[in-house]
Colleague: 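Attaching a single structure in structure tokens format; questions to follow.
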Amino acid sequence: MLKYVVKRILQAIPLLFIISLITFFIINLAPGDPIYMFINPETANPVDVEVIRKSLGLDKPIYIRYILWLKNVIQGDFGKSFQHGRPVLEMILERLPNTITLAIVSTIISFLVSIPVGVYSAIKRNSILDYMFSTFAFIGISIPSFWFGLMLILLFSLKLGWLPSGGMRANFEEFDLIDRLRHIILPALVLGMASMASQMRQMRSAMLEVIRQDYIRTARSKGLSERVVIFKHALRNALLPIITIIGFIIPWLVSGAVVTETIFSWPGIGRLYIHATFMRDYPVIMGVTIISSVMVVVGSMVADILYALVDPRIKYN
Amino acid sequence: MKKIKQVITLLLFTVIILSSFVGVTKAKSEPMTKANTIYYATFSDPIDLNPAISSDNASSEVTGFLFRALLKRDWSGKLIPDMAEAMPTISNDNKTITFKLRKGIKWHDGTELTSADIKFSYEFILEPKVASVRRSNFINIDTIETPDKYTVVFKLKEPDSALLPNFSYYYIIPKHIWEPELQKLLNGTYKSIKESKYNREPIGNGPYMFVEWKTAERVVLKRNPNFYDPQPKIEYIVFTITPSQAVAMVKTETGEADYVVVPESDVARMRTKSNLNTFVYDRASFDYIVYNLKHPIFSDKRVRQAIAHALNKEAMVKGIYKGVASVAHSSYHPKLWAYNPNVKPLQYNLNRAKQLLDQAGWKVGKDGIREKNGQKLQFVLMTNKGNIMREKLVVYIQNQLRLVGIKVEPRIIEWNTFLNKYYYAGKYDAVLLGFITSIDGDQTVLFHSDPAKGTFNRNFYKNPQVDKLLDDARKTFDINEQKKLYWKLQEIIAEDQPITYIAYRKNGLSFNKRVKNVKVVDLLGTNDGYMSWELQK
Amino acid sequence: MAEIKLNNENKSVELAESYEYSDTFSKKFQIFWRRFRKNKMAVIGLTILIILYSLAIFAPFIAPYDPAGTADDIMYVDGPPTFRSYVGYNVNGEEVVFKPNFFGRDELGRDVFSRCIYAGRISLTVGFVSVSIYVLIGTVWGAIAGYYGGKVDNIMMRIVDAIMSIPTMMLLITVMAIFKPNLYNVMIVIGLTGWTGIARYVRAEFLSLKKRDFVEAARCIGASNTAIIFRHILPNAIAPVIVAATMGLASAILTESTLSFFGLGVQPPTPSWGNMLTNAQELETMVSAPWKAFWPGLFIFLSVLSFNFVGDGLRDALDPRLKQ
């Protein structure tokens with residue numbers, strides 16, 4: 001087992017290296033000079049511009065900048081934001097928990113919906129409800145999420161006044177669970193929408209496959225009630241493959257967070273990222289991209305390992 | 001199965017851990033309640049709360065409450081003393097400006113504010129390494145002297161009356177905090193002054209003090225009990241950061257926020273809300289077309305005038321600005337004291353436009369586009385991306401000019417690229433931009449042909465007469481004399497038409513009705529009216 | 001992201017009839033069509049798509065107005081939908097008869113219906129071109145990796161893994177924000193970022209197909225590697241590519257609209273469904289002139305939904321093995 005874990009970790013390293021290479025070069029080969037994002041080209045004289053350029057390290061050739069940057073990143077230093085002058089890592093860590101909280105809650109919501117619906121659809125397959133769920137799933141992935149989010153705000157905040165229209169909390173003084181839940185429910189729903197739809201389908205097929213297995217037939221033939229068969233025997237086994245989903249929904253969640261956080265004023269890394277892109281704050285763009293990619297890589301690694309742990313059928317060596 | 005349970009337990013545990021450390025603030029000594037707090041929905045997170053360097057809107061909205069300046073404006077727009085005891089005395093050669101400071105002004109940390117702080121602040125801005133966007137405003141300052149604790153003397157390189165209004169902006173920062181920080185910049189510890197932590201924990205001298213800044217969530221300010229003037233009535237100000245404008249409107253409508261800047265498109269709607277007071281005020285700001293005067297088409301004055309005649313500005317104001325703007329014919333807003341009402345505007349008149357183009361030798365070709373010597377009358381009209389209003393204007397102008405046989409190709413380009421690759425490089429035919437003028441008469445930056453002075457004169461406009469008028473006006477501190485010069489200037493500019501004005505912008509503000517005593521005035525907006533705002537009990 | 005499929009559990013019967021390597025094209029097509037028809041949603045989707053494409057292709061004949069034509073008179077700005085011709089005034093103040101504006105007019109007085117169908121040209125083209133780009137890259141990449149295997153495969157697939165690990169929206173936004181957002185860049189960028197999924201499918205197919213008899217046979221008669229890859233294996237590996245490409249068309253349209261939301265999609269005045277929808281984001285618009293947002297929104301929704309339905313139908317019809 002340990003060997004497998006070590007192997008997975010070793011595989012992740014070159015992956016992260018390639019990711020850093022791709023992002024660094026995309027960003028730094030861009031036309032346009034980032035220097036004008038924080039000095040006024042109107043008033044600065046050329047000498048000053050050069051002084052500042054040098055102080056930011058923008059005067060060196062690109063491959064040297066990459067090596068320097070990589071060296072620092074390995075030591076945990078993602079540089080300082082051009083625009084804010086703050087350490088990039090600090091800016092990311094300040095917001096990362098918010099994004100992760102949102103992602104986790106949205107995943108929980110989507111599991112809470114998709115698992116029962118998937119099971120139901122598998123048991124009662126080709127029933128009217130099964131078709132309705134399928135159609136619903138298709139609709140779920142066909143609506144632009146920014147549009148869906150705005151519609152929810154219009155309905156639940158403006159028309160009905162049930163939920164706040166954005167932000168993470170109203171009560172800053174203490175941790176107020178109800179307040180937090182009221183704020184998280186709409187963004188989590190929007191973020192979870194697409195993955196909910198696909199998990200529904202996956203759960204359904206996983207369940208269908210399990211139901212056809214011999215041990216379920218055995219259980220049935222032993223005269224166990226259908227309820228026991230489904231929930232005690234089938235569901236448990238059908239849930240296993242869902243673990244692997246955790247690995248590949250992370251990139252969706254991060255991508256989705258960029259949109260969701262903007263609409264719902266959620267103080268997460270998605271918004272940090274969007275702001276940085278428009279301001280050409282290269283260190284921040286790099287930092288957020290790398291950290292998110294690390295999350296993706298680690299996420300899929302953990303999912304694989306977990307799966308190996310819980311499923312005795314998988315051999316690792 | 002045990003394993004699954006373990007996994008789930010582990011996951012739940014992580015959630016609990018994570019959600020518990022998602023920033024929980026300590027309880028404040030004086031509790032913040034709805035009754036003593038005004039909530040302001042702003043559209044973006046501030047960048048740095050340092051008035052000497054910040055250049056974004058969100059930051060200056062916050063620093064406006066935290067800092068005070070030597071001078072301020074009264075409700076008529078006149079400059080009056082603020083931290084200064086009286087208006088400055090100006091020497092006979094107009095090259096020395098002397099301020100006397102009020103005594104007993106304190107920084108928020110209790111340190112006394114003295115002339116040394118003033119001297120330091122302007123030197124800070126003038127230091128090239130600080131890279132302040134304000135530097136050009138003060139470039140005429142030669143030296144600053146502080147004969148005593150309460151006297152500041154500015155020695156100028158040359159007389160400059162345009163410097164006075166600049167003393168009314170909040171650029172004074174505490175020397176005892178910033179001098180060591182400046183040292184770190186000069187000796188290379190900091191690569192940029194933005195690295196200083198005081199940009200995020202500002203110490204000011206204004207009626208409100210900084211309390212906290214939760215990145216991307218909110219900024220909290222608290223009333224300053226030691227302020228040198230009567231205190232404001234509201235205890236707390238909270239800036240709620242709401243990046244989506246539509247959501248910011250929803251927040252204000254539902255009462256989650258008390259105060260919001262309303263985009264033109266939403267003004268009519270917000271006005272119908274019974275729980276809101278919506279104000280609209282004129283701004284000394286306009287959208288305009290800049291012609292590249294080196295371009296063969298635009299080197300002829302008659303073409304520029306024809307375009308001015310061909311634009312239905314009235315329709316644009318109604319359709320695109322939703323009536324929340326007014327037609328512009330000059331860079332001087334009619335409500336400015338320097339405005340010359342005798343200048344005849346180039347009114348919407350298609351026949352006159354066609355006539356001018358005919359005179360200039362542009363004849364209508366087979367495809368309806370005018371041409372001269374085989375060259376078509378067509379040009380690219382550029383604007384920056386992200387300003388929906390301008391994007392719509394460009395399309396509208398394209399269609400308008402087609403009616404008089406001019407072909408326009410709209411091009412919308414990202415701001416940074418737009419400025420550096422095209423506009424500043426002079427590589428454009430015509431651009432559509434916005435400009436905010438000072439509410440005083442000086443417009444050197446727009447029209448002066450010396451690149452060091454006319455920093456926004458990017459279309460190669462050169463008229464020695466205009467240069468002289470602008471220079472002369474800055475050399476005198478006599479308002480009547482200035483007015484005479486600016487009137488003449490407006491006549492020449494209207495005739496030359498180096499730029500064509502479209503509309504003066506207006507600003508919409510919505511306040512919840514629980515906020516009382518709100519005063520909004522044209523050109524000044526809320527000014528420092530927040531001092532008398534009150535919340536209904 | 002659109003990896004969902006409709007229920008077609010009653011397929012086991014049909015599986016008896018499957019594609020053979022030796023079948024003629026028309027035989028294969030008959031089998032395909034018989035299966036595809038069974039999926040009603042897919043047929044509905046296909047019908048909608050045919051309508052949408054026809055509208056786009058014949059836009060100049062269908063659109064009552066010039067999509068860029070703004071109204072000079074203010075009374076036509078933000079006009080509500082009208083179903084009859086009406087009398088109004090033109091620029092010169094003369095009375096003229098205007099054709100109906102089925103979907104209303106927008107804030108510049110442009111006809112929303114005309115813009116919607118012209119936008120269809122753009123949006124559908126964005127989908128088509130970007131997907132073509134990534135199918136091409138993905139297929140070649142996957143084919144080479146799968147066919148040669150070993151070290152080549154390892155390196156090539158690590159690069160695929162790396163690109164897949166960067167959240168797509170981030171990659172897209174970074175590239176779009178940095179390079180000029182315009183129609184061509186949108187297509188190129190979506191194309192350059194989307195190919196990884198296809199590469200994986202194709203590689204997997206190649207890994208299993210290259211050991212099959214017909215490949216051996218081709219190699220024995222001295223076919224070159226290129227010939228084996230493109231003439232012999234690829235045609236047999238194309239089914240999952242077609243399915244993924246169809247689903248890809250759906251997500252490309254969604255992606256363009258999301259990019260537009262950030263102002264990074266197709267740039268106005270060129271209309272796309274995405275930027276029309278984004279332009280109608282103001283609260284005021286959504287409340288007082290909902291037609292400006294409703295119609296482009298509906299077009300996006302219908303086209304994306306239809307591509308997904310058709311993709312699902314194709315999967316069932318082309319490659320029963322893909323069914324879980």
Side-chain angles (χ1 to χ4, degrees), chain A residues 31-33 36-45 47-48 51-52 55-56 80-86 91 94-95 97-98 100-101 104 108 150 153-154 157-158 161 164-170 172-175 180 236 239 243 262-265 267-268 271-272 275 278 280 306 309-310, chain B residues 1 3-4 7 11 14-15 18-28 31-32 44-45 47-48 55 128-129 131 133 135-136 139 188 190-196 199-200 214-218 220 240-244 246-247 250-251 253-254 256 386 414 416-417 419-421 424 455-456:
Chain A
D33 198 333
Y36 292 114
M37 269 301 156
F38 49 101
I39 60 167
N40 186 352
E42 305 282 356
T43 52
N45 68 47
V47 183
D48 298 348
V51 168
I52 296 162
S55 76
L56 290 164
K80 283 182 175 156
S81 154
F82 283 172
Q83 215 197 0
H84 298 260
R86 298 174 64 203
M91 289 169 73
E94 176 180 73
R95 295 173 181 230
N98 303 341
I100 293 178
T101 313
I104 289 174
I108 291 173
L150 277 167
I153 293 177
L154 283 188
S157 306
L158 192 63
S165 55
M168 192 171 74
R169 51 188 160 175
F172 283 76
E173 276 67 41
E174 56 201 281
F175 182 78
R180 290 296 176 89
R236 284 182 170 185
L239 276 175
I243 291 178
T262 306
I263 297 169
F264 290 97
S265 328
R271 240 172 92 195
L272 173 68
H275 189 71
F278 286 118
R280 292 186 178 233
L306 278 181
L309 256 174
V310 292
Chain B
M1 275 314 96
K3 280 176 179 168
I4 289 194
V7 170
L11 279 177
T14 328
V15 177
L18 280 171
S19 44
S20 59
F21 85 85
V22 179
V24 177
T25 15
K26 281 167 263 144
K28 292 270 145 17
M32 215 165 75
S44 53
D45 205 27
I47 290 170
D48 26 39
S55 56
K129 272 198 163 175
V133 289
R135 187 161 170 248
S136 65
I139 207 80
Y190 288 159
K191 283 180 176 171
S192 150
I193 198 69
K194 286 167 177 278
E195 290 177 31
S196 168
N199 290 321
R200 291 184 64 81
K214 290 258 173 248
T215 312
E217 287 191 79
R218 66 171 193 174
V220 179
T240 320
I241 295 144
T242 314
S244 159
V247 175
V250 172
K251 270 192 168 166
E253 273 184 46
T254 58
E256 287 171 72
E414 185 265 328
N416 190 323
T417 321
L419 283 186
N420 296 306
K421 285 255 148 100
Y424 293 156
T455 41
F456 286 95

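Throughout, a chain's letter reflects where its sequence line sits, starting with A, and its residues are numbered from 1. Note that the structure is a prediction, hence the values are computed from the model and not measured.
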Colleague: Going by side chain to side chain donor-acceptor pair (under 3.5 Å), name the residues that satisfy it together with B/S44, two or more places apart in sequence or in a different chain.
Modeller: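 With neighbours one apart ignored, the set is empty.
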Colleague: Is any side-chain heavy atom of A/H275 less than 4.5 Å from a side-chain heavy atom of B/D45?
Modeller: no
Colleague: If you count heavy-atom pairs under 4.5 Å with chain B, which of A/S157, A/G166, A/P267, A/P164 comes out on top?
Modeller: A/P267
Colleague: Within the 4.5 Å heavy-atom criterion, are B/I241 and A/R271 side-chain neighbours or not?
Modeller: yes
Colleague: If I measure from the heavy atoms of chain A, does B/D48 come under 4.5 Å with its side chain, its backbone, both, or neither?
Modeller: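 Just its side chain gets close to chain A.
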Colleague: Search all heavy atoms of B/V247 against all heavy atoms of A/I263 and return the closest pair with its distance.
Modeller: CG2-O, 3.5 Å
Colleague: Can you tell me how far the NZ atom of B/K194 sits from the OG atom of A/S81, to the nearest 0.5 Å?
Modeller: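 These two atoms lie 8.0 Å from each other.
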Colleague: Any salt bridge linking B/K214 with A/E94? Criterion: basic side-chain nitrogen under 4.0 Å from a carboxylate oxygen.
Modeller: no
Colleague: Among A/G161, A/G268, A/G167, A/S165, which residue forms the greatest number of heavy-atom pairs with chain B at distances under 4.5 Å?
Modeller: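 Ranked by heavy-atom pairs under 4.5 Å with chain B, first place is A/S165.
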Colleague: With B/E195, which residues qualify under salt bridge (charged side-chain N to carboxylate O under 4.0 Å, His left out), at least two apart?
Modeller: A/K80
Colleague: Can you tell me which residue among A/H84, A/M91, A/R86 is in a side-chain contact (heavy atoms from CB on, under 4.5 Å) with B/T215?
Modeller: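 Looking at A/H84, A/M91, A/R86, the match for B/T215 under the side-chain contact (heavy atoms from CB on, under 4.5 Å) is A/R86.
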Colleague: Could you report the tightest heavy-atom contact between B/P243 and A/T262, atom names first, then the distance?
Modeller: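 For B/P243 and A/T262, the tightest heavy-atom pair comes out as CG-O, 3.5 Å.
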Colleague: Distance check, rounded to the nearest 0.5 Å: A/R95 atom CZ versus B/E217 atom CD?
Modeller: 9.0 Å
